[in-house]
Q: 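Here it is, the structure, as structure tokens.
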Amino acid sequence: QVQLVESGGGLVQAGGSLRLSCTASGRGVRSVGWFRQAPGKEREFVAHIHWSGMPAYHANSVKGRCAISRDNAWNSVSLQMNSLKPEDTAVYSCAIYSGGSVYEALTYWRWGQGTLVTVSS
């Protein structure tokens, strides 16, 4: 049974950078998405990458500051986040895509436990 494990979260000052990683156990290359959920808010789409590496999609709120990439040799997907803002504070989770809209959490079927990103002002 495939499992996802996120890492790389932490506390960073505004303007700083973090690189989140999502590593999948088990065989197979899959399309993966990143979502985030801030306290008291709904889960929102951050980025998605096809199993082949292209195409990739990013939410408007992070476009130009974040980039999703993958390393199929290591079965991992990364999210490089730069110029972080306090409003980026959230639990970031990766998930395996099952089909349909890449922007909707309901189209992902396996989720990791999440990693907390806190951006101080």
Side-chain angles (χ1 to χ4, degrees):
Q1 185 176 5
V2 63
Q3 290 186 331
L4 300 178
V5 178
E6 300 96 336
S7 61
L11 174 64
V12 64
Q13 289 187 334
S17 298
L18 282 175
R19 186 176 182 87
L20 306 184
S21 293
C22 171
T23 303
S25 64
R27 296 182 177 180
V29 180
R30 310 163 183 91
S31 298
V32 172
W34 280 97
F35 287 76
R36 67 186 182 185
Q37 187 166 20
K41 295 188 177 181
E42 293 187 354
R43 181 179 288 173
E44 66 171 347
F45 169 80
V46 178
H48 169 100
I49 190 165
H50 189 263
W51 65 265
S52 67
M54 289 294 291
Y57 305 94
H58 299 81
N60 288 334
S61 58
V62 304
K63 197 171 292 183
R65 300 187 297 118
C66 298
I68 191 171
S69 61
R70 69 183 308 139
D71 185 342
N72 288 340
W74 294 98
N75 226 10
S76 68
V77 173
S78 297
L79 183 68
Q80 177 67 42
M81 304 192 298
N82 303 318
S83 302
L84 284 163
K85 305 175 182 180
E87 50 263 45
D88 293 319
T89 295
V91 174
Y92 286 71
S93 301
C94 62
I96 296 174
Y97 174 66
S98 59
S101 171
V102 302
Y103 303 104
E104 301 294 332
L106 290 177
T107 61
Y108 295 79
W109 69 278
R110 178 71 68 189
W111 293 80
Q113 83 289 350
T115 185
L116 176 63
V117 172
T118 304
V119 184
S120 63
S121 58

Q: Table please: side-chain donor-acceptor pairs of residues 109-119 below 3.5 Å, with sequence neighbours left out.
A:
from, atom 1, to, atom 2, distance (Å)
Arg110, NE, Val2, O, 3.4
Gln113, NE2, Glu6, O, 3.4
Thr115, OG1, Gly9, N, 3.1

Q: In the single-linkage hydrophobic clustering (I, L, V, M, F, W, Y; side-chain heavy atoms under 4.5 Å), do Trp51 and Val77 co-cluster?
A: no

Q: Determine the minimum heavy-atom distance between Gly99 and Thr107, stating which atoms define it.
A: O-CB, 3.1 Å

Q: Only one of Phe45, Tyr97, Tyr103 forms a ring pair (Phe, Tyr, Trp, His ring centres under 6.0 Å) with Tyr108, so which one is it?
A: Tyr97

Q: Would you kindly say whether Asp71 and Ser76 are connected by a side-chain donor-acceptor distance under 3.5 Å?
A: no

Q: Please walk me through it: do Val91 and Ser93 pass side-chain contact (heavy atoms from CB on, under 4.5 Å)?
A: CA-CA 6 Å; Val91 174; Ser93 301; 4.2 Å; yes

Q: Just how far is it from atom OH of Tyr57 to atom OG of Ser31, taken to the nearest 0.5 Å?
A: 9.5 Å

Q: With side-chain contact (heavy atoms from CB on, under 4.5 Å) as the test, would you mind laying out the steps for Ser98 and Arg30 before giving the verdict?
A: CA-CA 9 Å; Ser98 59; Arg30 310 163 183 91; over 6 Å; no

Q: Looking only at heavy atoms, which two atoms of Arg36 and Glu44 are closest? And how far apart?
A: NE-OE2, 2.5 Å

Q: Kindly indicate, with the supporting measurements, whether the criterion side-chain contact (heavy atoms from CB on, under 4.5 Å) is fulfilled by Ser101 and His48.
A: CA-CA 10 Å; Ser101 171; His48 169 100; over 6 Å; no

Q: State plainly whether one hydrophobic cluster holds both Ile68 and Phe35, where clusters connect Ile, Leu, Val, Met, Phe, Trp and Tyr through side-chain heavy atoms under 4.5 angstrom apart.
A: no

Q: With the 4.5 Å side-chain cut-off for hydrophobic clustering, are Ile49 and Met81 part of the same group?
A: yes

Q: Is Val32 linked to Leu20 within one hydrophobic cluster, defined over Ile, Leu, Val, Met, Phe, Trp and Tyr using a side-chain heavy-atom separation of less than 4.5 Å?
A: yes

Q: Do you know the tightest heavy-atom contact between His58 and Ala47?
A: CD2-CB, 3.8 Å

Q: Ser83 and Arg65: which non-hydrogen atoms are nearest, and at how many Å?
A: O-NH1, 3.0 Å

Q: What are the two closest heavy atoms between Gln1 and Ser25, and how far apart are they?
A: O-OG, 3.9 Å

Q: When you compare the side chain of Leu79 with that of Val46, does any pair of heavy atoms fall below 4.5 Å?
A: yes

Q: Test Leu18 against Leu84 for side-chain contact (heavy atoms from CB on, under 4.5 Å), laying out the working first.
A: CA-CA 8 Å; Leu18 282 175; Leu84 284 163; 4.1 Å; yes

Q: Rounded to the nearest 0.5 Å, how far does CG of Asp88 lie from SG of Cys66?
A: 6.0 Å

Q: Is it true that, when you exclude Glu87 itself, more than 12 heavy atoms of the residues, nucleotides or ligands shown sit nearer than 6.0 Å to its CD?
A: yes

Q: So, does Asn82 use its side chain to make a donor-acceptor pair with the main chain of Ser17 at under 3.5 Å?
A: no

Q: For Ala90 versus Ala38, what's the shortest heavy-atom pair and its separation?
A: CB-N, 3.7 Å

